[in-house]
Visitor: 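The structure that follows is given in the form of structure tokens.
Just so it is clear, the structure is predicted and the values come from calculations on it, not from any experiment.
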Amino acid sequence: MAGGLERVYGTEEDKVNCSFYIKIGACRYENKCQRIHSIPPISQTILFKHMYQNSPMEVAIASGNAVSQAGIEEALEKFENFYEDVFLKLAEFGEIEDLIVCENIGDHLVGNVYVKYTSELYAESCFNALQNLSYENRPLSMEYSPVLDFSSAKCKQYIDGTCQRGGACNYLHLKKISTKFKKSLFNQMYEEHPEYREKKEKEVNEKSPKKHKKKEKKSKKKKTSSSRESSRRNSIERQKMINDWNETGIQNVSQAQKMMYGNNMPAPVYTPKVSMRTSPELLQLQLQLAALKEQLAAIKMS
């Protein structure tokens with residue numbers, strides 16, 4: 001009996017507990033849901049409800065509407081400022097494992113911020129310290145979240161660039177952040193709080209002392225620098241990045257058309273839809289899909 005309950009817990013077969021709340025940390029029915037939303041008494045993950053305030057431009061981006069390049073730059077700048085500010089503040093309470101911000105515009109997900117610490121003690125320290133405080137003159141609404149694995153909460157179709165529900169999707173659509181920029185924030189966290197790295201290295205050393213010693217020898221050979229280089233894209237760099245994506249899109253589609261049409265190739269026309277959630281990998285998928293559509297159209301015509 002117990003084994004059966006454990007098997008269905010958190011799944012669609014569970015008629016008692018809300019599977020969406022367990023997986024996503026939020027449910028579109030909220031308090032009206034007919035199933036139980038069990039808020040954990042303690043967790044490594046804290047949810048800050050509706051903490052991020054989307055601009056009208058960002059809502060348009062999340063909805064899949066066409067946005068100017070200037071609008072994209074403005075949205076990126078606003079979000080990066082927020083992400084840096086919140087990340088470094090939350091890092092004061094403990095070592096962060098990940099920080100994510102929802103791009104969804106549904107009432108239960110809009111502006112939600114999740115921070116996952118490496119231990120429950122760090123999360124508890126943060127939770128207690130931020131009680132009854134505000135961010136940008138808005139009271140913080142936070143709770144411990146059951147979500148410990150963000151990969152199962154993310155929308156797989158969104159990652160593939162094929163989600164048809166857009167910002168209204170009930171799975172997490174995460175706002176994109178530069179990998180380089182995010183890494184620089186983690187580096188700054190460890191520079192400002194070396195005790196986090198020391199604690200992690202001590203734990204690794206206790207688990208496998210031999211492997212740890214080998215890593216120490218290798219790390220000594222490498223040159224290190226304590227200075228943090230700015231990894232944020234300035235306006236010119238962002239413009240260049242967008243232009244590069246557009247040029248790459250035109251070139252790739254042109255090559256695909258040349259293979260299909262030979263010397264009778266029509267003039268390449270491609271205007272990829274660039275938004276905050278567009279990454280080089282996602283753009284590549286969009287290009288491949290565009291090429292496949294062209295191939296199918298050519299087969300139908302022949």
Visitor: Counting heavy atoms not belonging to Asp107, are there more than 12 under 6.0 Å from its CG?
Guide: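 Open: at most 12 neighbouring heavy atoms sit under 6.0 Å from CG of Asp107.
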
Visitor: Inspect the surroundings of CD in Gln34 and state if more than 12 heavy atoms from other residues, nucleotides or ligands are less than 6.0 Å away.
Guide: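 Check fails, neighbour count at 12 or below.
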
Visitor: Judged by modelled atom types alone, do Tyr52 and Glu58 share a side-chain donor-acceptor pair under 3.5 Å?
Guide: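 Result is yes, a qualifying pair exists.
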
Visitor: Do Ile46 and Lys116 come within less than 4.5 Å of each other through their side chains, counting heavy atoms only?
Guide: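 Not in contact.
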
Visitor: Is the closest side-chain heavy-atom distance between Gln131 and Met142 below 4.5 Å?
Guide: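 Heavy-atom side-chain distance check passes, below 4.5 Å.
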
Visitor: Are Tyr196 and Tyr190 close enough that their ring centres sit under 6.0 Å apart?
Guide: no

Visitor: For the rings on Tyr171 and Phe20, is their centre-to-centre separation under 6.0 Å?
Guide: yes

Visitor: Are Phe127 and Tyr144 an aromatic pair, judged by ring center distance below 6.0 Å?
Guide: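 Yes.
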
Visitor: Just wondering, do Ile100 and Leu172 contact through their side chains at under 4.5 Å, heavy atoms?
Guide: yes

Visitor: Would you indicate whether Glu195, at its atom CD, is surrounded by more than 12 heavy atoms from other residues, nucleotides or ligands within a distance under 6.0 Å?
Guide: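 Yes, CD of Glu195 has more than 12 neighbouring heavy atoms, counting only those of other groups under 6.0 Å.
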
Visitor: Counting only N and O atoms by type, is there a donor-acceptor contact under 3.5 Å from the side chain of Ser43 to the main-chain atoms of Pro40?
Guide: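 It does not hold such a pair.
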
Visitor: I'd like to know if Leu88 and Phe181 are part of one continuous hydrophobic network [Ile/Leu/Val/Met/Phe/Trp/Tyr, side-chain heavy atoms within less than 4.5 Å].
Guide: yes

Visitor: If you apply the rule side chain to side chain contact (heavy atoms under 4.5 Å, CB included), what do you find for Arg28 with Leu109, and how did you get there?
Guide: CA-CA 8 Å; Arg28 61 177 173 164; Leu109 290 174; over 6 Å; no

Visitor: Going through the distances and angles, do Cys126 and Tyr117 end up as a side chain to side chain contact (heavy atoms under 4.5 Å, CB included)?
Guide: CA-CA 9 Å; Cys126 172; Tyr117 286 97; 3.4 Å; yes

Visitor: Could you check if a side-chain atom of Lys154 sits within less than 4.5 angstrom of a side-chain atom of Ile159, using non-hydrogen atoms only?
Guide: yes

Visitor: Answer whether the closest heavy-atom distance between the side chains of Phe150 and Asp98 falls below 4.5 Å.
Guide: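 Touching, per the 4.5 Å side-chain cut-off.
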
Visitor: Indicate yes or no: does Arg197 engage Glu95 in a salt bridge with an N to O separation below 4.0 Å.
Guide: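 No salt bridge links Arg197 with Glu95.
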
Visitor: Does Tyr135 reach the side chain of Phe82, with side-chain heavy atoms less than 4.5 Å apart?
Guide: yes

Visitor: Test Cys102 against His173 for side chain to side chain contact (heavy atoms under 4.5 Å, CB included), laying out the working first.
Guide: CA-CA 6 Å; Cys102 292; His173 288 196; over 6 Å; no

Visitor: Could you check whether any side-chain heavy atom of Ile105 comes within less than 4.5 Å of a side-chain heavy atom of Ser63, counting everything from C-beta outward?
Guide: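 Side-chain contact under 4.5 Å: yes.
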
Visitor: Is it true that the side chains of Lys175 and Asn54 contain a donor and an acceptor less than 3.5 Å apart?
Guide: yes

Visitor: Any donor-acceptor pair under 3.5 Å linking the side chain of Lys156 with the backbone of Ser151?
Guide: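 Checking the backbone N and O of Ser151 against the side chain of Lys156, a donor-acceptor pair under 3.5 Å is found.
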
Visitor: Measure centre to centre between the rings of Phe48 and Tyr114, then say whether the value is under 6.0 Å.
Guide: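 Aromatic pair excluded; centres sit 6.0 Å or further apart.
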
Visitor: Indicate whether any N or O donor in one side chain lies under 3.5 Å from an N or O acceptor in the other, for Gln188 and Glu192.
Guide: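 Yes, side-chain donor-acceptor contact under 3.5 Å.
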
Visitor: Going through the checks in order, is the side chain to side chain contact (heavy atoms under 4.5 Å, CB included) test met by Asn17 and Ile22?
Guide: CA-CA 8 Å; Asn17 302 286; Ile22 293 169; 3.8 Å; yes

Visitor: Check whether any side-chain heavy atom of Asn128 lies under 4.5 Å from a side-chain heavy atom of Phe93, and answer yes or no.
Guide: no

